[in-house]
Each structure stands twice: as structure tokens, then as C-alpha cells.
Q: 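Starting off with a structure, shown below.
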Amino acid sequence: MKEETLSATMEDHALERVPADARQGWLALSWNTAGVATTLVQLFLGALVTFVAGLKIALLAGVTVTVVGALLGWACGHVAYRSGFSSTVMSRHFGFGQKGSIISSLIFAFMIIGFLALENALLYRGFIFYFGIADTVTTRIVIYGLLSIAWILLTAYGFSLVARVSSITLVLFLAVLAYITHVVISGAAVSSSDLFSFGSQFPASVLGSMGATSDVQKFIFAVNVLIGSAGALALVDADLGRFARRSADIGIAALIGNLMMDVLMLGLGGIIMYAGIPALVDFYMHTAGMTHEAALHASLQSPDSIAAAFVVFGGALGALLMVLAQSKAQVINTYSASLSLSNLFDAFDFRPGRLTFVIVANIIGLIMLYGKILALVNSWITILGVLTTAFAGVIVADFFIVRRLSREPDMNLDRPAEIVNWAGVVTSIAAVVLSHYVLARVVPVEAISTIGICLVVYPVLRLTIFKPAYRGGPAAAGV
């Protein structure tokens with residue numbers, strides 16, 4: 001009996017609907033949405049967009065993305081709440097079909113495992129920076145091996161353990177972050193008014209190369225940088241929304257996650273780096289012998305610089321903040337990756353269990369670190385954001401528009417899904433191509449045009465050319 005219970009806990013309803021007695025309230029869900037959104041990467045993005053756009057314009061962009069991301073996250077989460085399925089499994093019934101969901105699983109798995117690898121790399125570089133150890137093969141094997149084992153163990157036992165880990169680490173992370181923010185600001189040689197209203201920090205030549213010379217261009221740049229993460233978060237909201245007791249629960253959790261990611265992390269990332277960058281530049285000049293210009297460039301070169309910054313600013317507490325920030329996100333990244341991989345291989349009738357894919361996700365993440373795949377993830381981050389937004393947009397269009405316009409008021413989740421829903425496949429491809437390659441100059445915020453195309457094109461195709469073609473069997477009553 002205990003073995004059956006343990007097996008069920010590890011499987012965590014990966015390929016089936018979450019029952020009513022396993023549902024949770026908004027607080028349990030919010031620990032996870034807030035946890036995955038509060039990372040060093042988001043602090044780096046906050047510093048980057050505020051240094052390009054200035055704090056006020058960056059915060060305006062952050063609020064805009066919060067509204068869009070929260071609405072998209074609630075919409076995806078609501079479908080998951082109603083269906084009880086994770087994002088990739090529910091895409092079988094809403095938008096893509098059984099084999100068509102392979103596309104959504106591949107997209108989401110590639111992106112989320114890419115984040116898993118990226119966050120591992122940040123932790124590793126933070127560790128060798130803090131402890132001053134050499135970057136050797138042995139060091140990599142030990143540190144990456146221990147990190148992977150930790151994520152596997154903390155994710156193996158399902159949603160309850162993931163939520164518990166997120167709640168503890170999030171509270172500790174926010175406490176340490178508040179303390180380091182106080183230390184940096186109190187020691188800064190800038191006025192409060194300047195600290196909370198600073199403008200663009202990059203030279204005009206750099207801003208020109210980014211296409212961010214006017215206020216409007218700076219706003220667009222900031223939105224484009226931030227909105228890709230909002231699209232990915234919407235799919236995580238769906239993975240968590242299947243555990244919601246009410247639609248409002250996942251709606252609140254989606255809003256909290258986006259507020260933490262696009263307002264709090266953005267603002268603090270910018271303010272901390274603005275107040276602390278003189279100390280960071282001084283550190284690089286004295287320890288690495290850099291010129292002032294080279295040290296300034298190194299301070300905002302990549303997310304690695306944020307890890308180094310917190311170690312410089314906070315010492316042991318900075319290192320602790322780095323671990324807390326990454327660990328809670330890594331647990332959720334591994335959890336969502338295991339769900340997408342479970343659906344991917346289930347489409348080929350291969351079902352070894354979710355725990356297997358928890359391990360597989362970490363192995364793939366390690367492979368990414370030693371090839372050029374992680375660089376590919378970084379270079380493709382904008383297009384990946386468009387792809388995940390298209391994925392979410394098709395699901396939303398199917399549930400909220402097509403199901404209401406067609407004579408199919410229930411969800412028919414017990415009826416076998418179509419082999420391929422060509423309306424969803426064609427719409428997602430068209431949306432990505434048009435928004436990224438054709439309409440980018442007309443509608444520079446690609447995620448917005450992607451959502452618009454999905455909401456218009458999918459219903460037209462689904463209700464006219466590619467009508468439902470189920471594999472047979474009686475339609476079951478809806479939920």
C-alpha cells in the first residue's frame with residue numbers, strides 16, 4: 001500500500017486529471033509562481049532594461065507586461081483548472097491534438113530545460129567566484145553533479161514538496177534581498193530622488209545600436225526583453241493551475257508571479273546595480289586590473305555579473321541569496337520540464353513515469369552546458385518567447401472562442417483527442433513567422449502580434465477548413 005502511495009505521489013497526475021481532493025488554494029500556487037519569477041536572471045534583466053530605458057520607462061514597461069502576462073497566465077491557468085491537465089497534456093484537447101502536442105512539448109521542454117541549464121551555470125560561476133576555486137573538469141563534475149541530485153530529490157515527490165520548498169526559500173530570499181538592498185542603498189553616494197528616477201545609463205552610441213534612442217523605442221525595447229519570460233510563465237501557470245480549487249486561485253497566483261518578475265525584480269535589479277555599480281567597477285579595477293570602461297562593461301555584460309555583484313555586495317549573505325534565488329526556480333523548472341517530457345514521450349506510447357523524466361531533464365540540462373545548445377537558447381530567447389506565446393494563444397483561442405462559437409459546449413475530455421489538430425499547428429507556425437519575420441517593423445512587440453494572430457486565425461481555421469476530426473468513441477459529459 002505504501003509503495004502504491006509513494007508511486008502515485010511521484011507520478012503526481014502527470015498524464016491524468018488532478019482530482020478534487022488534491023486541489024490547492026491561491027497561496028500554495030503563488031509560492032511557485034513567485035518562486036520561479038524571482039531569480040538572478042530576472043534581476044539582470046531588470047538592471048539591463050532600466051539602464052537602457054531609465055527607471056520610470058522600464059517600470060511602465062514592466063507594469064504593461066504584468067497586465068498582459070497575468071491575463072495570459074490566468075487564461076492558460078483557467079483551462080488547466082477546468083481540465084485538470086498540465087499545459088502540454090491539455091494542448092492535446094485544446095489546439096493541437098495528440099501528435100500535434102509533440103510540437104508544444106518540444107518547444108516548452110527546450111525552453112524550460114534551457115533555463116534549467118542557464119540557472120545551473122549561474123550558480124556554478126557564483127560558487128567558483130565566491131570560493132575562489134579553479135574552473136576545472138573535476139570542479140564542474142562535483143558542483144553540477146550535486147546541483148542535479150538536489151533538483152531531482154526535491155522534485156521527485158511532486159507538487160506538495162515543490163510548493164513547500166518554494167515557500168521556505170522564497171521567504172528567506174526576500175529577507176536576504178531586502179537586507180542587501182538596504183546595505184547597497186545606504187552606502188551609495190547618490191540621492192534618493194536620483195536613485196528612484198535615474199535615466200538611461202548607456203552612451204548614445206550603445207542605445208543607437210539597440211534601437212533605443214527615443215522614449216518610445218526604449219519602452220518597446222523593455223517590453224520585448226520582458227515579455228518572453230511572461231509567455232513562459234503563462235505555461236508554468238497552466239502546470240500549476242491544474243491544482244487550483246477555483247479559477248480565481250490561479251488568477252491571483254499568475255498576477256503575483258508577474259508582479260514579482262516584472263515590477264519587483266525589475267525595480268530592485270535596476271536600483272541595486274545603479275547604487276552599487278561604482279563599488280563593483282572599483283572591485284574589477286583593483287582585482288582584475290581592468291580599465292574603468294572595461295570594468296563598467298563587465299558589470300552588466302551578462303547574468304553572471306549579477307551573481308558576482310551580490311557576492312561583492314553581500315559576501316556570505318550574497319552567496320546565500322544566490323543559492324536561494326536559483327534553487328526555488330530550479331525545482332519548478334525541473335518539475336515543469338518533467339511534465340512536458342512526460343507528454344512528449346506519451347505521444348509515442350512510452351510511459352516510464354514522471355520520475356524518469358525528472359532525471360532525464362537534468363541530464364539534458366547538463367548536456368546543454370557542454371555543447372553549444374545553451375548558447376543557442378540564449379540567442380533564440382526572443383523567438384522562444386514568441387513560440388511559447390503562440391502555444392498559449394492557440395490554447396486560449398480554442399477554449400474561450402471556438403468552444404463558445406461551435407455547438408460543443410462541453411470539453412469532452414474523456415473522448416480521445418484528435419491525432420493532429422491542423423488548425424492549431426498551422427496557426428502557431430503562421431503566428432511565429434508573421435510576427436517575428438514579417439510584422440516586426442509594423443508591430444515591434446512581437447508577443448502582442450502573436451497573440452492577436454492566434455485569436456483571429458485559429459477560430460477561422462478551426463470553424464471552416466480544419467474542423468474537428470475525432471478518433472471515435474462517444475463524447476463524454478464536460479467538466
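Both backbone and side-chain heavy atoms feed into the values below; hydrogens, waters and symmetry mates do not.
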Q: Taking all atoms of both residues into account, what is the closest heavy-atom pair of D249 and W26, and its distance?
A: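 D249 and W26 have their closest heavy atoms at OD1-N, 3.3 Å.
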Q: Relative to each other, are the rings of H78 and F399 parallel, tilted or perpendicular (30° and 60° limits)?
A: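 It falls in the perpendicular class, over 60°.
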Q: Just wondering, do T39 and E119 contact through their side chains at under 4.5 Å, heavy atoms?
A: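 Yes, side chains in contact.
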Q: Please answer whether the main-chain N or O of A390 pairs with a side-chain N or O of T450 as donor and acceptor at a distance below 3.5 Å.
A: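 Not at all, since once roles are kept as given, no pair shorter than 3.5 Å links the two residues.
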Q: Given 3.5 Å as the limit, does a donor-acceptor pair link the side chain of S336 with the main chain of N333, or not?
A: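 Checked: no pair found.
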Q: Whether the W151 and S327 side chains hold a donor-acceptor pair (N or O, under 3.5 Å, no angle test) is what I'd like checked.
A: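 S327 and W151 do not have a side-chain donor-acceptor pair below 3.5 Å.
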Q: Do F310 and L43 have side-chain heavy atoms sitting under 4.5 Å apart?
A: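 Contact flag for F310/L43 side chains = yes.
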Q: Any side-chain heavy atom of L259 sitting closer than 4.5 Å to one from L264?
A: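 Side chain of L259 against side chain of L264, heavy atoms only: no contact under 4.5 Å found.
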Q: Can a salt bridge be assigned to the pair R92 and D346 using a cut-off of 4.0 Å between side-chain N and carboxylate O?
A: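 Here R92 pairs with D346 in a salt bridge, since their nearest N and O are under 4.0 Å apart.
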Q: Quick one: does any side-chain atom of K328 pair with a main-chain N or O of L170 as donor and acceptor, under 3.5 Å?
A: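 Such a contact is absent between K328 side chain and L170 backbone.
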Q: Do NZ/NE/NH1/NH2 and the carboxylate oxygens of E16 and R354 come within less than 4.0 Å?
A: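 Looking at E16 and R354, the cut-off is not met.
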Q: Checking the side chain of R23 only, and the main-chain atoms of V18 only, is there a donor and an acceptor separated by less than 3.5 Å?
A: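 Checked: pair present.
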Q: Short question: side chain of N258, backbone of A254 - any donor-acceptor pair under 3.5 Å?
A: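 Yes; at least one donor-acceptor contact below 3.5 Å.
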Q: With a 3.5 Å distance limit and no angle check, can you tell me whether S338 reaches the backbone of Y335 through a side-chain donor-acceptor pair?
A: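 Pair found, side chain donor or acceptor close to backbone of Y335.
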Q: Determine the sole option in L72, I107, V236 for which the side chain to side chain contact (heavy atoms under 4.5 Å, CB included) test with T388 is passed.
A: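 Exactly one candidate clears the test, I107.
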Q: So how far is it from S105 OG to F391 CZ, rounded to the nearest 0.5 Å?
A: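 Answer for the OG-CZ pair, S105 versus F391, is 6.5 Å.
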Q: Keeping R17 on the side-chain end and S83 on the backbone end, is there a donor-acceptor pair under 3.5 Å?
A: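 Here the side-chain-to-backbone pair exists.
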Q: Do the side chains of R351 and D349 get close enough for a salt bridge, i.e. N-O under 4.0 angstrom?
A: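 So R351 pairs with D349 through a salt bridge.
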Q: Any side-chain heavy atom of L339 within less than 4.5 Å of one from F357?
A: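 When only atoms from C-beta onward are counted, F357 and L339 do not touch, as no gap falls below 4.5 Å.
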Q: Could you label the plane-to-plane angle of the F400 and W74 rings as parallel, tilted or perpendicular, counting under 30° as parallel and over 60° as perpendicular?
A: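 Tilted: the ring planes of F400 and W74 meet at 30° to 60°.
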Q: Which atom pair, heavy atoms only, marks the closest approach of A337 to I113?
A: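 That would be CB-CG1, 3.8 Å.
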Q: If we ignore hydrogens and angles and just use 3.5 Å, is the side chain of S91 paired with the main-chain N or O of T88 as donor and acceptor?
A: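 Between the backbone of T88 and the side chain of S91 there is a qualifying donor-acceptor contact (under 3.5 Å).
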Q: Judged by atom type as modelled, is there a donor-acceptor pair below 3.5 Å linking the side chain of D239 to the main-chain atoms of S86?
A: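 Side chain of D239 to backbone of S86, a donor-acceptor pair under 3.5 Å: no, none is there.
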Q: Of the non-hydrogen atoms in A121 and L369, which two are nearest, and what is the gap between them?
A: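 Of all heavy-atom pairs spanning A121 and L369, the closest is CB-CD2, 3.8 Å.
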Q: Please report the closest heavy-atom contact between V445 and N224, naming both atoms and the distance.
A: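 Scanning both residues completely, I find the closest heavy atoms to be CA-OD1, 3.3 Å.
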Q: Q326 side chain to L40 main-chain N or O, any donor-acceptor pair under 3.5 Å?
A: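 Between the backbone of L40 and the side chain of Q326 there is a qualifying donor-acceptor contact (under 3.5 Å).
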